[in-house]
Amino acid sequence: MSTPGAMSTDLTTLDVAALQSALSTGEVSAVEVTRAHLDRIAADDARLGAYLHVDPDAALAAAAEVDRARAAGGELGPLAGIPVALKDVVVTEGVPTTSGSKILEGWRPPYDATVAGRLKAAGTVLLGKTNMDEFAMGSSTENSAYRPTRNPWDLDRIPGGSSGGSSAAVAGHLAPWAIGTDTGGSIRQPAAVTGLVGHKPTYGSVSRYGLIAFSSSLDQAGPMARTVLDAALLHEAIGGHDPRDSTSIDAPLPGLVAAARQGARGDLSGLKVGVVTELGGDGHQEGYGAGVLERVAAAVALLTELGAEVRPVSCPSFDLALAAYYLIAPSEASSNLARFDGVRFGLRVGDDGSADLDEVMALTREQGFGPEVKRRIILGTYALSSGYYEAYYGQAQKVRTLITRDFTAAYGGADGGGVDVLVSPTSPTVAWPIGARVDDPIAMYAADLCTLPASLAGVPAISVPCGLSEGLPVGLQVMAPALADDRCYRVAAALEAAQDAARGHRLLDELPTPAAA
Ligand code: GLN
C-alpha cells in the first residue's frame, strides 16, 4: 500500500488534517498510522496514565479493515483510518466503560453512544478509552478510581480534568485527537493546561445519548485537538440532531471547518469582542496567576491587531456561577447516580446470600463510589430535600437565569449593539502540582471559575492556546451566543494563526522522567 520510506516522519507528530491527506493519497496506511500511536502508547503511557483501556488487536483490525476497503475502491467515511481516543464516560459497545469509577468496573456496554457510533461510521479507529475523574467530577483527574494522569508538559503536574486522560493523550501525542465531555469546564480547562484546543458545544448540539450522565442539563461532549481546524473536523463528525436525545436541537450545525479556515486568514475586522470584567479583569484578579493574565492580555491585544474591536463588558452575575453550579450539578448527580445500585451494572458487593437487597445496594455504593462522588451525592441530596429545596436548588436556578441574562445583554439582546463574542482566561492558573489541591475541595472547585458561566447558560465556548507562563500552557476562552459555535472557531483560528509560538507541543520523550516514576 505505502511506498516504503515514502514517509519517514513520526506519524504521531502529524495533525489530523495532514494524516487525512497522507491516508487518502495512499502515502501511508491506516495500519501504519494506528501502529505508530499504539507504539507511543506502549512506550509512554505507563508513566503518563492517559488510558484506562487499550485493545491494540482490535485497533489494528479496524485499521486493516479500512485499508482493505480503500484497496477495494469501496466507499470510505470522511475520517477513514484516523485514530481517536474516547473519554471513558462515552459508552462503547463491547468495550469496557467505567466513567473512572470502580462501581462500573467490568461493565461492557451492549450499545454505542451516538458520539461513538458516528465516529465509527466516519471510519475512525478507536485507540482506547481515556482516564477521567470519577463520573467527571473534578478538575485534575486525581479523582479517577484507577490512577492519576500526568501532564506531558511536566509529569509532576495535573493534566486538568475531568477529561485529563484525553488531554494528556493528545498533548503527549498518544492520540491525534480525542473526545472529552464538559459539564462545568472539563473539556476547556484540561485543554488549556496542556496546550490544546478544546470546545464545549452549544448545549443540545452534540448528542448526549450514551454519555454516562453527571448533570444532564449541563453535560456536553466535544472535541480536544492540537489545532483549531482538527477540533472543527471532529466536532462536525459528532454533532447534529439525534432523535435519541430528547434535548438534542433539531437544526444543522453551522460550518465549523469553514469558520476555522476563514479565521486562519487572520482578518477579524468588524468583529466585536467583549473582555469579561468579572473573569480576571480589574478588581477581579484574586486567585489568578499573573502570568496567565499577562498572556491573556497579550492575546486580546493580538485580536485588536487582527482588526477586532475590543471593549470590557461587565457580567455581574458571573460572580455567583460557582455557588450556583455546585448546587445544580450535585443535585442532578444525586439523582443520576441512583441507578448504580449493584443490580444492573458493574460491581455488586455482598451478593453471597448473607445480605438482603438494601444491604447489597448500600455495600455496593459504599465500596463502589469514591470520596468526591459521595460528597456530591450528599450535597445534592441535601440541596433537593424538602424544606431546603427552595433555599438551595431553587435559588441556584434563579442565579442560572441571571447568568443567561448577562450573556443576552452582552450580546446585545433584541436591540443589537452588543458584542459578537466574550473572552476570558480559560483557567485562572496554569497546571498545578499533583496533590496540591486534593485535600481542599474549594481550591479544586475554584479551577472552574471561568468556565462555569458558559456551562450554566448552555452557550458554546472554546479554549485556544495563547502562550506559556512558567513554561506551562495558558488558554484563552472564547464564548459565543447559543448555536454560534462557528464564531468560537473563527476567532480561535485567527489567534492560532497569529501566534505560532503558542503551538509548540512537545513530545513526551523530550521531557524529563518524573521523580516519582
Ligand atoms: N470541575 C467541575 C466539577 O468538578 C466540572 C467537571 C466537568 O465539567 N465534568 O464538577
Side-chain angles (χ1 to χ4, degrees), residues 86-90 99-101 115 130-145 149 158-167 178-193 198-201 203 206 208 211-224 287 321-334 336-337 369-380 383 396 400 426-429 431-432 437-438 440-463 475 477 479:
L86 298 178
K87 184 177 181 180
D88 205 32
V89 72
V90 179
S99 205
S101 182
V115 164
T130 56
N131 199 9
M132 56 183 284
D133 286 300
E134 186 174 4
F135 288 107
M137 297 170 184
S139 304
S140 68
T141 312
E142 290 161 301
N143 293 337
S144 165
T149 299
I158 58 107
S162 61
S163 310
S166 288
S167 66
I179 294 294
T181 59
D182 189 312
T183 302
S186 282
I187 289 173
R188 290 163 282 163
Q189 182 258 12
V193 302
H199 182 73
K200 182 200 84 78
Y203 181 80
V206 174
R208 287 185 300 109
L211 304 186
I212 296 173
F214 165 11
S215 180
S216 308
S217 75
L218 295 162
D219 298 341
Q220 272 294 285
M224 303 175 76
L322 195 76
Y325 173 86
Y326 278 96
L327 288 167
I328 292 170
S331 295
E332 294 186 10
S334 70
N336 272 325
L337 269 53
F369 288 139
E372 182 63 23
V373 174
K374 286 177 185 159
R375 181 180 295 124
R376 305 281 180 117
I377 292 173
I378 291 167
L379 272 173
R400 191 170 186 179
T426 304
S427 166
T429 67
W432 57 87
R437 299 193 189 182
V438 277
D440 187 351
I442 304 292
M444 193 69 93
Y445 298 171
D448 311 324
L449 266 179
C450 303
T451 47
L452 294 174
S455 298
L456 289 163
V459 299
I462 200 164
S463 181
Q477 176 175 234
M479 299 168 269

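Every number for a ligand or one of its atoms is a count from 1 in the order of the listing. Please read all numbers here as calculations on a predicted model, not as lab measurements.
Taking distance alone, with nitrogen or oxygen atoms compared against 3.5 Å, K87 stays at or beyond that limit from ligand 1. Residue G185 places at least one N or O, backbone or side chain, under 3.5 Å from an N or O of ligand 1. Polar contact with ligand 1: absent for M137 (N/O pair, distance under 3.5 Å).
A donor-acceptor pair is defined here as one N or O able to donate and one able to accept, closer than 3.5 Å; no such pair exists between the side chain of Q220 and the backbone of K200. Between the Q477 side chain and the C450 main chain, a donor and an acceptor come within less than 3.5 Å of each other.
Of all atoms in ligand 1, listed by their number and element, those nearer than 4.0 Å to a heavy atom of F214 are 9 (N), 10 (O). Listed by number with element, the atoms of ligand 1 under 4.0 Å from a non-hydrogen atom of S162 are 9 (N). Close approach to S139 involves these atoms of ligand 1, each under 4.0 Å from a residue heavy atom: 1 (N).
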side-chain hydrogen bond (donor to acceptor under 3.5 Å, both in side chains) between D219 and T181, worked out: CA-CA 7 Å; D219 298 341; T181 59; over 6 Å; no
Stepwise side-chain hydrogen bond (donor to acceptor under 3.5 Å, both in side chains) test for S139 and R437: CA-CA 10 Å; S139 304; R437 299 193 189 182; over 6 Å; no
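With a heavy-atom cut-off of 4.0 Å, Y325 touches ligand 1 through its side chain alone. Both the backbone and the side chain of A136 come within 4.0 Å of ligand 1, counting heavy atoms alone. Only the side chain of R376 comes within contact range of ligand 1, with a heavy atom under 4.0 Å; no backbone atom does.
Taking all atoms of both residues into account, the shortest heavy-atom contact from A321 to L456 is O-CD1, 3.7 Å.
The protein heavy atom nearest to atom 2 (C) of ligand 1 is D448 OD2, 3.1 Å. Here the protein heavy atom with the shortest distance to atom 6 (C) of ligand 1 is S186 OG, 2.9 Å. Scanning all protein heavy atoms for the shortest distance to atom 3 (C) of ligand 1 gives Y326 OH, 3.3 Å.
Below 30°, between 30° and 60°, or above 60°: for Y326 and Y445 the angle between ring planes is below 30°, a parallel geometry.
Using a 4.0 Å cutoff on heavy atoms, A329 does not count as a contact of ligand 1.
A side chain to side chain donor-acceptor pair (under 3.5 Å) with T149 is found for one member of N131, T141, D133 and no other, namely N131.
With 3.5 Å as the limit, one finds no donor-acceptor pair spanning the side chains of S427 and Q189. For the residue pair T183/S215, the side-chain donor-acceptor check at 3.5 Å is not satisfied.
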